[in-house]
Amino acid sequence: MKVFVFNGPNLGRLGSREPGVYGSGSHADLVRLCETAAAELGIEVEVRQTDHEGELVGWLHEAADAGAPVVLNAAAWTHYSIAVRDAAAQLSAPFIELHISNVHRREEFRHHSVLSDLATGVIAGLGTDGYALALRWLEAHGS
Ligand code: DQA
């Protein structure tokens, strides 16, 4: 089984970006964490990050066409992008909405997600460990 992990805008800045909120690990560290977890689970993972909305939409189309499970941290787009929502709606395999921070303990505008009602499940507030947990769940349940 191959799982896609898609990370949205500003997540390439992990490590230097608001470390009190997002931790001190870099995006490269997050890629390593996912690859280590996937190897332990005996699955394949591909982790990508983009600051360009259209690129994420294209990646979601690719995952939809492949019937592949997705871990999606759409970052700020979570809160307002109908284009990302419409692309996520085309996924047929499970997808997990993920946030490193607990968005419900933060500003009001982060409390709403345009993705949550489409997602199979939502993980928020567990730091980057949430990615390993999401991969473990998908290995057990994801097609
Ligand atoms: C985030 C939370 C979003 O509100 C924010 O815009 C992000 C990251 C998280 O992982 O906690 O960029 O998705």
Side-chain angles (χ1 to χ4, degrees), residues 1-41 43-64 66 68-143:
M1 179 173 66
K2 175 167 177 175
V3 176
F4 286 110
V5 175
F6 297 148
N7 289 320
N10 296 300
L11 291 169
R13 307 265 308 155
L14 287 175
S16 59
R17 174 195 185 195
E18 297 180 84
V21 176
Y22 298 109
S24 54
S26 66
H27 191 267
D29 293 332
L30 174 56
V31 173
R32 267 191 295 276
L33 178 153
C34 290
E35 288 175 350
T36 301
E40 284 168 12
L41 292 164
I43 61 173
E44 258 187 90
V45 71
E46 189 171 328
V47 185
R48 302 178 188 174
Q49 189 275 326
T50 184
D51 293 328
H52 302 280
E53 192 176 8
E55 188 163 37
L56 177 61
V57 168
W59 291 347
L60 288 165
H61 295 168
E62 184 184 335
V70 171
V71 179
L72 176 59
N73 186 344
W77 295 325
T78 304
H79 310 299
Y80 67 88
S81 174
I82 305 305
V84 171
R85 175 188 167 84
D86 287 349
Q90 297 170 47
L91 296 170
S92 52
F95 96 84
I96 297 181
E97 175 184 345
L98 191 140
H99 303 286
I100 294 167
S101 65
N102 182 351
V103 283
H104 300 288
R105 291 176 64 175
R106 302 182 61 196
E107 303 96 321
E108 187 83 29
F109 66 85
R110 296 185 203 275
H111 298 182
H112 179 66
S113 164
V114 298
L115 301 172
S116 297
D117 65 306
L118 297 173
T120 310
V122 181
I123 295 176
L126 303 183
T128 53
D129 288 352
Y131 288 84
L133 295 168
L135 291 173
R136 179 183 294 198
W137 190 91
L138 287 170
E139 187 277 324
H141 302 277
S143 66

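All ligand and atom numbering here is 1-based and tracks the order in the structure. Just so it is clear, the values below take in all heavy atoms, side chains as well, and ignore hydrogens, waters and symmetry mates.
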task = For His111 and Val103, run side-chain contact (heavy atoms from CB on, under 4.5 Å): C-alpha distance rounded to whole Å, both residues' side-chain angles, the deciding distance at 0.1 Å, then the answer.
result = CA-CA 6 Å; His111 298 182; Val103 283; 5.7 Å; no

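Not a single side chain to side chain donor-acceptor pair (under 3.5 Å) links Glu44 to another residue, sequence neighbours left out. Evaluation of the side chain to side chain donor-acceptor pair (under 3.5 Å) rule for Glu107 yields Arg110 as partners, not counting sequence neighbours.
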Please tabulate, line by line, the atom pairs linking an N/O of ligand 1 to a protein N/O at a distance below 3.5 Å, with the distance in Å to 0.1, or answer 'none'.
unit_1: ligand 1; atom_1: 4 (O); unit_2: His79; atom_2: NE2; d: 2.7
unit_1: ligand 1; atom_1: 4 (O); unit_2: Arg110; atom_2: NH1; d: 2.9
unit_1: ligand 1; atom_1: 6 (O); unit_2: Ala76; atom_2: N; d: 3.2
unit_1: ligand 1; atom_1: 6 (O); unit_2: Arg110; atom_2: NH1; d: 3.1
unit_1: ligand 1; atom_1: 10 (O); unit_2: Asn73; atom_2: ND2; d: 2.9
unit_1: ligand 1; atom_1: 10 (O); unit_2: Ile100; atom_2: N; d: 2.7
unit_1: ligand 1; atom_1: 11 (O); unit_2: Ile100; atom_2: N; d: 3.2
unit_1: ligand 1; atom_1: 11 (O); unit_2: Ser101; atom_2: N; d: 2.8
unit_1: ligand 1; atom_1: 11 (O); unit_2: Ser101; atom_2: OG; d: 2.6
unit_1: ligand 1; atom_1: 12 (O); unit_2: Arg17; atom_2: NH1; d: 3.1
unit_1: ligand 1; atom_1: 12 (O); unit_2: Arg17; atom_2: NH2; d: 2.9
unit_1: ligand 1; atom_1: 13 (O); unit_2: Asn73; atom_2: OD1; d: 2.8
unit_1: ligand 1; atom_1: 13 (O); unit_2: His99; atom_2: ND1; d: 2.8

Taking distance alone, no hydrogens or angles, what donor-acceptor pairs closer than 3.5 Å link side-chain atoms of residues 115-123 to residues at least two apart or in another chain?
unit_1: Ser116; atom_1: OG; unit_2: Glu97; atom_2: OE1; d: 2.7
unit_1: Ser116; atom_1: OG; unit_2: Ser113; atom_2: OG; d: 3.2
unit_1: Asp117; atom_1: OD1; unit_2: Arg85; atom_2: NH1; d: 2.7
unit_1: Asp117; atom_1: OD2; unit_2: Arg85; atom_2: NH1; d: 3.4
unit_1: Asp117; atom_1: OD2; unit_2: Arg85; atom_2: NH2; d: 3.2
unit_1: Thr120; atom_1: OG1; unit_2: Phe95; atom_2: N; d: 3.0
unit_1: Thr120; atom_1: OG1; unit_2: Phe95; atom_2: O; d: 3.3

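Judged by the 6.0 Å distance and 45° axis criteria, Arg48 is not positioned over the aromatic ring of Phe6.
More than 12 heavy-atom neighbours from other residues, nucleotides or ligands sit within 6.0 angstrom of CZ on Arg17.
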